[in-house]
There are 2 protein chains.
Amino acid sequence: MQISSRFTIAIHVLTAIDVFKDEYKTTSDLLASSVHTNPVVIRRIIQQLKAADLIDVIRGSGGASLKKEPSQITLLEIYRAVDCVESGDLFHFHEDPNTQCPVGRNIHAVLDNKLIKMQEAFENEMKKTTLSDILEETKQLIKEEQN
Amino acid sequence: MQISSRFTIAIHVLTAIDVFKDEYKTTSDLLASSVHTNPVVIRRIIQQLKAADLIDVIRGSGGASLKKEPSQITLLEIYRAVDCVESGDLFHFHEDPNTQCPVGRNIHAVLDNKLIKMQEAFENEMKKTTLSDILEETKQLIKEEQN
DNA sequence: TTTCGTTGTAATGTCAATGGTTACATCTAT
DNA sequence: ATAGATGTAACCATTGACATTACAACGAAA
């Protein structure tokens, strides 16, 4: 299984919101066209980003804008916002191993620590990159295109 | 989405194979009972572990055994063996962003490096734990139960 | 105050993966 | 031969992802 594309779409959307902020009204239609998907898919994701307090969305007249400094938005926050992993647990532990069995009744205790560590390593790496890193590089590439 | 329980089941199975090696013939029935699932589910997983050269499975008379030293089997190898993530990519990138859009045509290049790093952080952490770590701790817990 | 463009959200559909189950051919040791 | 295994195909139910249609609610501007 892979981590849902909601995550990369959310990053794309936040990037586009910032890059286009002075040029266009960043509606779900515009964003959907950039991502190349359906506007409703975008609206669902911007609702999640709004619930996580990362953006404002203007009902009625339309458009979205960042609510925090890009340097204060880590990829981990975005990942958590779009809820790619149920209950926050990256690993799916098989339910109720046999407690009659010495291995069955102890494996959970042994594995839990390790699984948590792996998940933390992953999430810590996500903390290291912020939206402003993405924005800088993206804007740079766009600038280079113009030569 | 969560990483398939095949992963934790595989660890459980390998642990049980070693713990019970002198006591029982570790058939798919026995292992299924320890994991508390269907024997066919176990057989599918032991086939994957066999294909990855981690175990031998004896056709006919039955039973499985480790093919490598537990200290030489990392959780990463087990994870790869059971193929929880298609094509090895942990993240699902939304296909074909709009190339008419400056963000759409550049976001992939910007994100790819970051995603790879996050995946590597995760996989490196998996390399740090071996089956022998799991075995030691499990055997210790079993021993403690007997007091 | 009506109209228009937009958001918010429910309902529905398709697809793929997971995990469970039955069934059975095949193998091997006794 | 037979008994106990494995290897594997077939099928099913459930779930989540993503796409899509439809429409109510909203807000600004004509």
Side-chain angles (χ1 to χ4, degrees), chain A residues 1-10 12-13 17 20 24-33 35-51 55-65 79 82-98, chain B residues 1-10 12-13 17 20 24-33 35-51 55-65 79 82-98:
Chain A
M1 245 312 143
Q2 287 182 306
I3 287 171
S4 163
S5 65
R6 281 199 301 280
F7 179 50
T8 54
I9 293 178
H12 183 149
V13 161
I17 287 174
F20 294 136
Y24 301 105
K25 182 164 66 168
T26 50
T27 64
S28 60
D29 260 40
L30 177 88
L31 296 168
S33 141
V35 171
H36 198 239
T37 183
N38 192 286
V40 175
V41 171
I42 298 296
R43 279 183 231 148
R44 282 198 279 251
I45 290 173
I46 64 180
Q47 284 311 305
Q48 295 186 288
L49 296 174
K50 180 185 163 192
I55 60 173
D56 284 312
V57 185
I58 301 172
R59 177 150 214 191
S61 55
S65 56
Y79 170 79
V82 294
D83 203 23
C84 291
V85 157
E86 49 266 49
S87 79
D89 290 330
L90 184 54
F91 296 98
H92 181 192
F93 212 108
H94 50 293
E95 312 301 332
D96 54 293
N98 185 350
Chain B
M1 242 316 141
Q2 288 183 305
I3 287 172
S4 164
S5 65
R6 281 200 301 279
F7 179 50
T8 55
I9 292 178
H12 183 149
V13 161
I17 287 174
F20 294 135
Y24 301 104
K25 183 164 64 168
T26 49
T27 63
S28 59
D29 261 39
L30 177 88
L31 296 168
S33 141
V35 170
H36 197 239
T37 184
N38 192 287
V40 175
V41 171
I42 298 295
R43 278 183 231 148
R44 282 198 278 247
I45 290 172
I46 65 181
Q47 284 312 305
Q48 293 186 289
L49 295 173
K50 181 183 163 192
I55 61 174
D56 284 313
V57 184
I58 302 171
R59 175 146 215 193
S61 55
S65 55
Y79 169 80
V82 294
D83 203 25
C84 291
V85 157
E86 50 265 49
S87 79
D89 289 329
L90 184 54
F91 296 98
H92 181 191
F93 213 107
H94 49 292
E95 312 300 332
D96 55 292
N98 185 350

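Here is the naming used below: chain letters follow the sequence lines, and residue numbers restart at 1 for every chain.
The residue A:His94 sits apart from the nucleic acid: no heavy atom pair falls under 4.0 Å.
Between A:Ser4 and D:dC18 there is a side-chain N or O to OP1 or OP2 distance below 4.0 Å. Between A:Ser28 and C:dT7, a side-chain N or O to OP1/OP2 separation shorter than 4.0 Å is present. Proximity of A:Ser5 to the phosphate of D:dC18: a side-chain N or O atom is located under 4.0 Å from OP1 or OP2.
Separating the CD atom of B:Gln2 from the P atom of C:dA16 is a distance of 22 Å, rounded to the nearest angstrom. Going from atom CZ of A:Arg44 over to atom P of D:dT20 covers 11 Å, rounded to whole Å. Atom CD1 of A:Ile46 is separated from atom C1' of C:dT6 by 10 Å (rounded to the nearest Å). For the pair B:Ile3 CD1 and D:dG16 C1', the computed distance is 16 Å after rounding to whole Å. Computed from coordinates, the B:Asp29 CG to D:dA3 P distance equals 17 Å when rounded to whole Å. Look at CD1 on A:Ile9: it is 12 Å from P on D:dA17, rounded to the nearest Å. Rounding to whole angstrom units, CD of residue A:Gln48 and C1' of D:dA17 are separated by 12 Å. The CD1-P distance, from B:Ile45 to D:dT8, rounds to 15 Å in whole Å.
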Letter by letter from the 5' end, nucleotides 22-30 of chain D scores (B base, S sugar-phosphate only, - none; protein heavy atoms under 4.0 Å) B--BBSS--
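Closest to the A:Lys25 side chain, of the nucleotides C:dT6, D:dT21, C:dG19, is C:dT6.
Among residues two or more places apart in sequence or in another chain, the side-chain contact (heavy atoms from CB on, under 4.5 Å) test is passed with B:Lys50 by B:Gln47, B:Ile55, B:Val57. Take A:His92 and apply the side-chain contact (heavy atoms from CB on, under 4.5 Å) test, not counting sequence neighbours, and it matches A:Glu95, B:Gln2, B:Ser5. Legend: residues meeting side-chain contact (heavy atoms from CB on, under 4.5 Å) with B:Asp56, ordered by chain and number and at least two apart, are B:Ser65, B:Lys67. A:Thr26 pairs by the side-chain hydrogen bond (donor to acceptor under 3.5 Å, both in side chains) definition with nothing, not counting sequence neighbours. Contacts of A:Asn38 classified as side-chain contact (heavy atoms from CB on, under 4.5 Å), with partners at least two apart in sequence or in another chain: A:Val40, A:Val41.
Comparing B:Gly63 and A:Thr37, the nucleotide of DNA chain D nearest to each residue sits closer to the 5' end for B:Gly63.
The base of C:dA17 has none of its N or O atoms less than 3.5 Å from a complementary donor or acceptor on the side chain of B:Arg6.
Heavy-atom minimum distance, A:Phe91 versus B:Ile3: CE2-CD1, 3.8 Å.
Using a 30° and 60° split on the angle between ring planes, B:His12 and A:His94 fall in the tilted class, from 30° to 60°.
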